[in-house]
Amino acid sequence: MGQGEKDSADNLVAPSDDRNELQVEDLRVKERCFEQREALPGEPRCAICGRYGEYICDQTDDDICSLECKTALLARIASETKIPVKAPARVKVPFADESFCVRDNNFPDIPSLHASQIASLRNKLDICVKGEAVPDPITCFSSCGLPEKLVHNLEAAGYTMPTPVQMQVIPASISNRSLLVSADTGSGKTASFLVPIIAHCSRRELQQCARKHGPLAIVLAPTRELCLQVEDQAKVLGKGLPFKTALVIGGDPLAQQIYRIENGVELIVGTPGRLIDLLMKHSVDLTDVSVFVLDEVDCLLERGFRDQAMQIFRALSCPQVMMFSATIHSEIEKLSNSLSNNMIHISCGSPGKPNKSVRQVVIWVESKQKKQKIFEIIKSKQHFKPPAVVFVSSRVGADLLAEAVTAATGLEVISIHAEKTMKERRERLRRFLTGEVSVVVCTGVLGRGMDLLKVHQVILFDMPNSIDEYIHQVGRASRMGKEGVAIAFVNEEDRKLFGELAQVLKTAGAPIPRELSNSKFTSSISLGTDRKRKLSSRARS
Ligand SMILES: Nc1ncnc2c1ncn2[C@@H]1O[C@H](COP(=O)(O)OP(=O)(O)OP(=O)(O)O)[C@@H](O)[C@H]1O
């Protein structure tokens with residue numbers, strides 16, 4: 001549940017022009033816990049009593065139901081002893097037959113790595129960097145002066161050590177450098193920008209700015225679901241720190257989003273359209289925004305989103321810009337260079353290709369046979385590996401297919417797409433993520449960035465419009481190197497992708513259907529040179 005939906009329990013006043021968006025009974029803050037109703041399934045629960053967590057505690061960002069429980073929560077926190085964070089031991093990096101210590105700012109006596117060791121480390125971890133004076137990678141989260149509480153939150157979230165993209169991005173970001181980062185799907189890019197943002201925001205609080213401040217960072221993402229997820233992760237990692245967030249997405253009441261921002265937040269996570277809308281209707285002080293993140297940058301800088309993203313960028317004064325995606329072309333590279341001088345380019349793993357941990361199974365299926373084929377897969381004990389995500393190309397197609405699969409298999413199957421209300425989208429996603437429903441049929445709204453942890457199978461019922469979207473949709477079947485499978489139905493209608501698809505399958509060593517390899521649309525293109533997707537002239541250093 002995003003924070004933008006709820007109100008601070010301290011002082012609830014809706015801006016007068018948007019007052020009609022709030023129910024009258026919502027305007028009175030519940031003082032006692034018994035005045036609050038029970039939480040319905042899927043609703044936030046009070047951290048103290050478990051009733052409906054209608055508000056957010058300003059100090060802790062926990063869900064709470066009333067002033068009474070807020071007081072109890074703060075009292076509980078005050079009485080808790082500080083959790084000691086283990087001092088990081090000297091980190092030994094196992095290299096074939098060598099190991100060495102890595103510089104740690106907390107332990108300046110530890111010598112920093114020699115340049116050749118850094119190069120060797122990057123080489124081992126498949127990290128490529130391009131740019132001037134690129135900061136060295138870290139190998140543990142406590143190596144670059146992060147707040148203790150943040151390190152503790154990372155440990156509590158099970159992040160025992162940084163992933164390669166985090167190793168390189170976190171120190172570069174902490175040095176205030178602008179970054180263009182391409183890394184495999186499911187490799188931990190989100191935390192790589194959230195960790196430095198949270199550290200940065202906590203530092204401001206330490207400097208004790210007396211004046212009421214505006215946000216310090218903005219993260220843009222192309223879909224509402226992705227924004228929800230990023231904001232949720234920000235809350236988990238920033239828990240207990242002076243770090244508040246606002247979720248600015250369409251489909252939620254604008255008045256509450258404005259109210260939340262006016263009361264002071266450090267981070268805004270939003271979709272470009274709604275954020276522009278909010279900025280046009282309401283004056284928000286953006287002077288303090290010093291970090292601007294474009295998650296899924298290639299999508300955000302495509303026509304459609306580009307003008308809005310650039311409009312927001314121009315409203316900021318020279319922020320540090322951080323851009324991320326698993327698919328970055330030379331065109332995006334060029335465009336990104338215009339957003340900042342002295343940019344660092346970072347590439348980790350094999351971006352621009354489907355995740356290696358996902359087995360790609362491309363099947364030639366004529367359009368009329370597709371439904372029958374998916375029924376067979378879902379009915380098959382051998383081939384169906386729930387929970388599964390089915391991607392289709394249209395909203396109406398999503399609804400119809402969900403109904404048809406339910407009728408044919410008896411399984412409850414739900415659909416998610418942009419025509420549903422935000423309430424429905426949230427509720428359906430929750431039901432899928434909690435395992436209540438094992439199959440979701442969706443359009444591209446879940447195709448990029450979504451961390452569908454338990455999902456190891458995706459079915460591309462309709463091929464997407466581009467090979468990049470194919471890479472992202474296939475990527476939903478694996479997180480952090482876990483094995484998954486992506487089944488894609490292909491036929492003549494997808495001919496514009498044949499060349500690139502055949503190349504991608506060939507590179508992965510996946511079988512190529514005979515109809516695809518024999519097609520005239522395949523041979524002319526796939527026999528050409530390798531796709532130029534990685535950062536051009538990448539240099540290992
Ligand atoms: N250091 C870490 N240790 C353990 N788990 C991690 C770590 N960093 C991230 N994760 C987990 O890995 C999963 C994938 O992370 P994330 O969603 O950030 O990937 P991503 O690179 O943004 O992928 P995509 O390109 O698909 O959006 C998440 O479940 C996240 O919680």
Side-chain angles (χ1 to χ4, degrees), residues 1-3 5-6 37-47 50-54 63 65 157-158 186 223-233 235-236 247 249 251-252 371 374-375 377-381 383-392 395-461 473 475-480 482 484-487:
M1 172 69 66
Q3 269 172 298
E5 285 195 310
K6 299 184 286 174
R37 63 175 171 80
E38 294 300 324
L40 299 172
E43 285 186 335
R45 286 173 187 277
C46 174
R51 286 167 182 259
Y52 172 43
E54 186 175 0
D63 296 318
C65 72
T223 63
R224 296 175 186 180
E225 278 77 6
L226 184 51
C227 289
L228 272 166
Q229 179 185 292
V230 170
E231 199 228 8
D232 270 351
Q233 199 175 346
K235 282 163 71 178
V236 169
L247 181 66
I249 57 172
D252 282 346
K371 271 193 187 162
I374 199 167
F375 298 160
I377 294 173
I378 292 180
K379 282 180 185 166
S380 151
K381 281 205 175 105
H383 298 301
F384 182 46
K385 310 258 179 266
V389 181
V390 180
F391 288 104
V392 296
R395 298 166 188 184
V396 64
D399 288 337
L400 292 175
L401 186 63
E403 278 171 28
V405 177
T406 298
T409 64
L411 277 179
E412 189 187 358
V413 177
I414 52 170
S415 59
I416 297 184
H417 54 73
E419 225 156 63
K420 304 254 174 242
T421 64
M422 201 51 223
K423 198 171 164 211
E424 280 176 303
R425 283 163 75 166
R426 267 197 177 91
E427 173 58 10
R428 288 173 182 223
L429 185 60
R430 184 199 65 75
R431 293 188 69 210
F432 180 65
L433 292 175
T434 54
E436 262 178 57
V437 181
S438 58
V439 183
V440 64
V441 183
C442 61
T443 54
V445 291
L446 300 189
R448 276 182 177 253
M450 291 307 292
D451 184 37
L452 308 169
L453 260 186
K454 292 181 189 145
V455 171
H456 301 297
Q457 180 171 56
V458 297
I459 301 175
L460 281 65
F461 184 86
Q473 291 183 4
R476 295 319 99 205
S478 166
R479 308 273 88 193
M480 297 283 293
K482 288 244 167 72
V485 61
I487 302 173

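Computed from a predicted structure; not experimentally measured.
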Does the [X] side chain pair with the main chain of [Y], one donor and one acceptor, at a distance under 3.5 Å?
X: Ser415; Y: Cys442; result: no
X: Glu225; Y: Leu429; result: no
X: Arg37; Y: Tyr52; result: no
X: Ser478; Y: Gly484; result: no
X: Arg45; Y: Asp63; result: no
X: Gln457; Y: Lys385; result: yes

Using a strict 4.0 Å threshold on nitrogen-to-oxygen distance, state whether Arg430 and Glu436 make a salt bridge.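 Here Arg430 pairs with Glu436 in a salt bridge, since their nearest N and O are under 4.0 Å apart.
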Applying side chain to side chain contact (heavy atoms under 4.5 Å, CB included), run through Lys420 and Asp399 and close with a yes or a no. CA-CA 10 Å; Lys420 304 254 174 242; Asp399 288 337; 3.3 Å; yes
Looking at [X] and [Y], what are the two nearest heavy atoms and their distance?
X: Leu452; Y: Arg479; answer: N-CD, 4.3 Å
X: Ser438; Y: Pro386; answer: CB-CB, 3.9 Å
X: Arg51; Y: Cys65; answer: CB-CB, 4.2 Å
X: Val455; Y: Val458; answer: CG1-CG1, 4.2 Å

Steps toward side chain to side chain contact (heavy atoms under 4.5 Å, CB included) verdict (Phe461, Val405): CA-CA 12 Å; Phe461 184 86; Val405 177; over 6 Å; no
Calculate, to the nearest 0.5 Å, the distance between atoms [atom1] and [atom2] belonging to [X] and [Y] respectively.
X: Met422; Y: Arg224; atom1: CE; atom2: CZ; value: 6.0 Å
X: Ile487; Y: Leu460; atom1: CD1; atom2: CG; value: 10.0 Å
X: Arg425; Y: Glu419; atom1: CZ; atom2: CD; value: 10.5 Å
X: Lys454; Y: Thr434; atom1: NZ; atom2: OG1; value: 7.5 Å
X: Asp451; Y: Leu446; atom1: CG; atom2: CG; value: 12.0 Å
X: Glu424; Y: His417; atom1: CD; atom2: NE2; value: 8.5 Å

Quick one, Val413 with Val437, criterion side chain to side chain contact (heavy atoms under 4.5 Å, CB included). Give me CA distance, side-chain angles, the key distance, then yes/no. CA-CA 7 Å; Val413 177; Val437 181; 5.7 Å; no
For Leu401 and Ile374, what are the C-alpha separation, side-chain angles and deciding distance, and is it a side chain to side chain contact (heavy atoms under 4.5 Å, CB included)? CA-CA 10 Å; Leu401 186 63; Ile374 199 167; 4.3 Å; yes
In a check of side chain to side chain contact (heavy atoms under 4.5 Å, CB included) between His383 and each of Ile378, Val485, Ile377, Ile459, which one passes?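 Of Ile378, Val485, Ile377, Ile459, side chain to side chain contact (heavy atoms under 4.5 Å, CB included) with His383 is met by Ile377 alone.
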